[in-house]
Amino acid sequence: MRRIAALCLALLLLVLGSGVAVLYHLGTREEFVAGEPLGATGDAAIARGAYLVRLGDCAACHTARGGLAFAGQRPISTPFGTVYSTNLTPDPRTGLGNWTADDLWRALHNGLSRDGHFLYPAFPFPNYTKITRADSDAIFAYLRSLAPIELASRPAELRFPYNLRPLLAVWRALYFRAATWQPSAERSAQWNRGAYLAEGLGHCNACHANRNLLGATDPEGRLSGAQIPIVDWYAPSLIGSSEAGLLDWPTADLVTLLGQGTSARATVFGPMAEVVQESLQYFSPADLAALVVYLKDEAAPAGTSEQPSSPRAVPPRAAASRLSPADPAGAAAEERGWRIYEDSCEDCHGADGQGVPGVYPPLAANRAILTDAPVNPIRVVLLGGFGPVTAGNPRPYGMPPFAQELVDADIAAVVSSIRSRWGNHARAVEPIEVDRLRAAPAD
Ligand code: HEC
Ligand code: HEC
Ligand code: HEC
């Protein structure tokens with residue numbers, strides 16, 4: 001019965017979808033000619049394209065683990081199934097060998113493949129639509145300069161009905177409008193450059209903004225924090241001062257964090273470590289400065305000037321639910337957590353959670369471990385790991401994994417402990433929350 005209902009629904013959507021697709025094509029025809037090709041070629045265009053490809057982090061998704069650069073086949077897990085990235089090298093049969101600069105522009109700007117089929121938004125074209133035609137052409141020049149690699153793309157493995165590509169017409173009608181980058185006349189050139197990088201090429205909101213049930217990000221593009229589905233890391237809110245607390249960050253620390261992956265206040269880890277390693281570390285000093293100017297401004301609540309709040313400001317919800325030593329079970333867990341900390345963590349992170357500057361991150365007043373959703377500190381303790389390898393921090397120090405050594409209750413206790421000591425005030429963690437994360441994929 002259910003299957004039949006699903007089939008009817010899918011057919012209905014398909015019919016609706018085709019209608020919308022026709023309308024959509026009519027509606028966007030203008031868009032295709034709007035960007036005039038500049039025919040950028042030559043070494044300068046290739047060098048510029050190589051830089052832009054870094055800013056857009058194209059290689060991270062288009063290179064499989066242990067695979068050849070830009071040859072595709074990296075699986076991208078979504079709540080609807082797995083989509084594989086494609087081969088961007090100029091191989092005529094399996095890559096972009098027969099593509100023109102117009103074709104690439106259409107993919108980035110409109111989310112359409114060369115033959116016109118809709119691309120899945122696991123490819124962040126809702127951000128890349130803001131890339132300028134000049135930048136798209138430079139990217140094309142660079143991709144053409146790569147050595148061709150023959151490697152056919154793998155078909156997506158999505159559940160019914162999401163596997164029906166034409167249905168993307170409905171999604172696009174609801175959530176996607178091709179957009180041309182419009183600098184704001186009221187803002188400085190530096191702010192505008194930062195906005196172009198964050199909203200377009202850098203696609204920060206692909207992780208830092210919530211997605212709705214059909215996987216579309218918040219149309220406002222606010223970086224209000226989100227649990228990344230399937231991957232199960234939490235990308236904190238970058239606005240206001242409660243989560244990542246960018247308002248409190250001195251600009252210099254933020255520049256080092258994003259450019260080198262480590263700073264006196266925290267290090268990046270998980271998917272953010274890859275973003276820094278593959279993309280942000282290559283930003284020119286001017287582009288990194290522009291990005292930080294934009295981020296700090298976005299972090300400020302609308303209509304206020306920057307008002308740094310205390311680094312230990314307590315979100316009310318977190319404060320209410322933190323461990324109370326008056327409760328005997330809570331006191332026992334706290335005791336247990338602290339013992340584990342002394343045995344397994346203190347050597348590196350220090351008795352006062354102060355860390356060792358440039359070597360081990362502090363845990364006191366480290367916003368990255370205080371988010372209401374505790375997935376990140378739990379997963380760091382389970383998996384351990386290294387910060388990103390960058391020119392500014394070529395040999396990052398590592399943290400051992402504790403998944404084998406500590407049971408769920410121990411990890412819950414030690415994570416609760418670091419979240420509630422040294423002036424930290426975040427809610428306690430339950431063993432069940434650790435259990436759920438043990439099965440999550442490592443990346
Ligand atoms: C977050 C991962 C991700 C990033 C980052 C990314 N891509 Fe992709 N890209 C994909 C996926 C997945 C597909 C396949 C989509 C599909 O099958 O519908 C794709 C498809 C494409 C296609 C269409 C190829 C075809 O044969 O239709 C082009 C062109 C492309 N990407 C170029 C780029 C460029 C250029 C960049 C950097 C500016 C980039 N991508 C960054 C994931 C990504
Ligand atoms: C692939 C997903 C992903 C993308 C894309 C991404 N982030 Fe993140 N980001 C995360 C995750 C997960 C964390 C939490 C881990 C951490 O704190 O290092 C994070 C953390 C951060 C932090 C806080 C670090 C701290 O220690 O408090 C900042 C700042 C940040 N991201 C900025 C950015 C900017 C700017 C961009 C766009 C250029 C971006 N992110 C793109 C996933 C992502
Ligand atoms: C051998 C030294 C070492 C030990 C022991 C160690 N850590 Fe770490 N820890 C690190 C390093 C290095 C990082 C940065 C890793 C990264 O960036 O991926 C880190 C990162 C973290 C983070 C994320 C904070 C941030 O800003 O990156 C947390 C939370 C954490 N450790 C908690 C613990 C706990 C709890 C224990 C004990 C169960 C522990 N660590 C034991 C070295 C250590």
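Indexing begins at 1, ligand by ligand and atom by atom, following the structure's order.
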Seminar exercise, completed: Within the 4.0 Å heavy-atom cut-off, what Thr267 brings close to ligand 3 is both
For this session: Classify the contact between Pro400 and ligand 3 as side chain, backbone, both or neither, using a heavy-atom distance cut-off of under 4.0 Å.
Result: side chain
Exercise. Taking both backbone and side chain into account, is any N, O or S atom of Met399 nearer than 2.8 Å to atom 8 (Fe) of ligand 3?
Worked result: yes
Exercise. Can you find an N/O atom of Ser113 closer than 3.5 Å to an N/O atom of ligand 1?
Worked result: yes
Problem set entry | Distance filter under 4.0 Å to Ala368 heavy atoms, resulting ligand 2 atoms | 17 (O), 26 (O)
Exercise. Looking only at non-hydrogen atoms, which of Leu246, Asp232, Leu288 approaches atom 29 (C) of ligand 2 most closely?
Worked result: Leu246
Seminar exercise, completed: Note: Phe402, heavy atoms under 4.0 Å from ligand 3, region reported as side chain
Exercise. Would you say ligand 3 has an N or O under 3.5 Å from any N or O of His349?
Worked result: yes
Exercise. Under 3.5 Å, N or O to N or O, is Tyr128 touching ligand 1 that way?
Worked result: no
For this session: Decide whether the shortest distance between a heavy atom of Ala206 and an atom of ligand 2 is less than 4.0 Å.
Result: no
For this session: Report the relative orientation of the aromatic rings in Phe269 and Trp233; use parallel for angles under 30°, tilted for 30 to 60°, perpendicular for over 60°.
Result: tilted
For this session: Heavy-atom contacts with Cys207 under 4.0 Å: which atoms of ligand 2 show up? List them by number with element.
Result: 1 (C), 2 (C), 3 (C), 4 (C), 5 (C), 42 (C), 43 (C)
For this session: Name the option, out of Gly200, Cys61, Ser136, Gly56, that contains the heavy atom nearest to atom 43 (C) of ligand 1.
Result: Cys61
For this session: May I ask you to list the atoms of ligand 2 that are less than 4.0 angstrom from any heavy atom of Gly202?
Result: 37 (C), 38 (C)
For this session: Under 4.0 Å from a heavy atom of Cys348: give me the atoms of ligand 3 that qualify, with their elements.
Result: 1 (C), 2 (C), 3 (C), 4 (C), 5 (C), 43 (C)
For this session: Output the list of atoms in ligand 2 that are nearer than 4.0 Å to some heavy atom of Val275, sorted by atom number.
Result: 3 (C), 4 (C), 5 (C), 6 (C)
Problem set entry | Those atoms of ligand 1 less than 4.0 Å from some heavy atom in Val83 | 12 (C), 17 (O)
For this session: Could you list the atoms of ligand 1 found under 4.0 angstrom from a heavy atom of Tyr120?
Result: 16 (C), 18 (O)
For this session: Have a look at ligand 2 and work out which part of Pro236, if any, has a heavy atom under 4.0 Å from it: side chain, backbone, both or neither.
Result: side chain
For this session: Find all atoms of ligand 1 within a distance of less than 4.0 Å from any non-hydrogen atom belonging to Leu104, and give their numbers and elements.
Result: 29 (C)
Exercise. Looking at Tyr234, which atoms of ligand 2 are within less than 4.0 Å of one of its heavy atoms?
Worked result: 11 (C), 12 (C), 13 (C), 14 (C)
Exercise. Near Phe269, which atoms of ligand 3 are under 4.0 Å from a heavy atom of that residue?
Worked result: 18 (O), 23 (C), 25 (C), 27 (O)
Exercise. So does Asp137 pair up with Arg133, basic N to acidic O under 4.0 Å?
Worked result: yes
For this session: Mark the output for Ala156 as yes if a heavy-atom distance to ligand 1 is under 4.0 Å, and as no if none is.
Result: no
For this session: Consider every N or O of Tyr397 and every N or O of ligand 3, then say whether any pair is closer than 3.5 Å.
Result: no
Exercise. Where on Asp57 is there a heavy atom closer than 4.0 Å to ligand 2, on the side chain, on the backbone, on both, or on neither?
Worked result: neither
Exercise. Between atom 8 (Fe) of ligand 1 and Cys58, is there an N, O or S atom separated by less than 2.8 Å?
Worked result: no
For this session: Would you please indicate yes or no on a ring centroid separation below 6.0 angstrom for Tyr51 and Tyr282?
Result: no
Exercise. So which heavy atom in the protein is nearest atom 8 (Fe) of ligand 2, and how far is it from that ligand atom?
Worked result: His208 NE2, 2.1 Å
Exercise. Would you say Arg114 and ligand 1 have an N/O pair spaced under 3.5 Å apart?
Worked result: no
Problem set entry | Distance filter under 4.0 Å to Leu257 heavy atoms, resulting ligand 2 atoms | 24 (C)
Exercise. If you measure from each non-hydrogen atom of Asn376 to ligand 3, which part falls under 4.0 Å: side chain, backbone, both or neither?
Worked result: neither
Exercise. Relative to the ring of Trp338, is the ring of Tyr341 parallel (under 30°), tilted (30 to 60°) or perpendicular (over 60°)?
Worked result: parallel
Problem set entry | Numbering as shown, the atoms of ligand 2 that approach Ala266 to under 4.0 Å (heavy-atom distance) | 26 (O)
Exercise. Hey, is Asp410 close enough to Arg339 for a salt bridge, meaning N to O under 4.0 Å?
Worked result: no
Problem set entry | Leu295 contact mode with ligand 2 (heavy-atom cut-off under 4.0 Å) | side chain
Exercise. Could an N or O of ligand 3 be found under 3.5 Å from any N or O of Ser344, whether backbone or side chain?
Worked result: no
For this session: Report yes or no: does a heavy atom of Val231 sit under 4.0 Å from some atom of ligand 2?
Result: no
Problem set entry | Contact atoms of ligand 2, heavy-atom distance to Val268 under 4.0 Å | 18 (O)
